[in-house]
Amino acid sequence: MRILVVEDNPDLREQLTKSLEQAGYAVDAAGNGEDGQFLGETEPYDAVVLDLGLPKVDGVTVLKAWRAQGKATPVLILTARDRWSDKVEGFDAGADDYLAKPFHTEELLARLRALLRRAAGHATSAIDCGDLRIDTRAARATINGEPIRLTSHEYKVLAYLMHHRGRVVSRNELVEHIYDQDFDRDSNTIEVFVGRLRKKIGQDRIMTERGLGYRLIDPAETPSA
Ligand code: CA
């Protein structure tokens, strides 16, 4: 899952980026509203953390512009503590959640997980596909309760497929959602990650749809052809 952080305070921006990366997300960051708006318009994010008080273009204007373009990406706004009117304006502009500054990083991470889950139609922090489970809180995967050791990229691929289980996900979509902007992207590496994942979770859980991409299935539910 790939997150955009738009925050003009460099310390907070860096701290947020670091925490999100440690939590297993690919992260891009922008330091003003103009850059943030552009990234949000041109890159496919799974969620956005958007500060409202931003130089060049303020957060509410950025959010309104995205929504006017039909972008439905979940957006969590960061507001000043004493500005209740900011929250109202933010929600009216299309925000999905908010946090007042200062906040605890753990709360931000929990709220983001909830937004990502809801956007994908899941109700809890664990997502199951048969006996395969990912715990999005701990960024861990298990089969039948047994932990599976995954590298961070393997987990990112699996988490994206789990959030969109049953649907075909193209290689290009995976590339766009597991790497940040600065990463030297190579869609061939996706094939390598999927190959390694299959070795770890079982060959029959990730189907290759020729020319289209990959689909995560529960092999117990779907008889193989
Ligand atoms: Ca600010």
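Just follow the structure's listing: the first ligand is 1, and inside any ligand the first atom is 1.
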Distance below 3.0 Å from the Ca ion (ligand 1): protein N/O/S atoms: Asp8 OD1, Asp51 OD2, Gly53 O

Between Tyr25 and Asp46, a side-chain donor and acceptor under 3.5 Å: no

Side-chain ion pair, Lys101 and Glu7, N-O less than 4.0 Å: yes

Residue pair Arg137 / Thr124, side-chain donor-acceptor N/O under 3.5 Å: no

Working for side-chain contact (heavy atoms from CB on, under 4.5 Å), residues Leu54 and Leu50: CA-CA 9 Å; Leu54 289 169; Leu50 177 66; 4.0 Å; yes

Option among Glu191, Glu176, Glu209 that satisfies the salt bridge (charged side-chain N to carboxylate O under 4.0 Å, His left out) test with Arg171: Glu191

Salt-bridge contact Asp135-Arg140 (side-chain N to carboxylate O under 4.0 Å): no

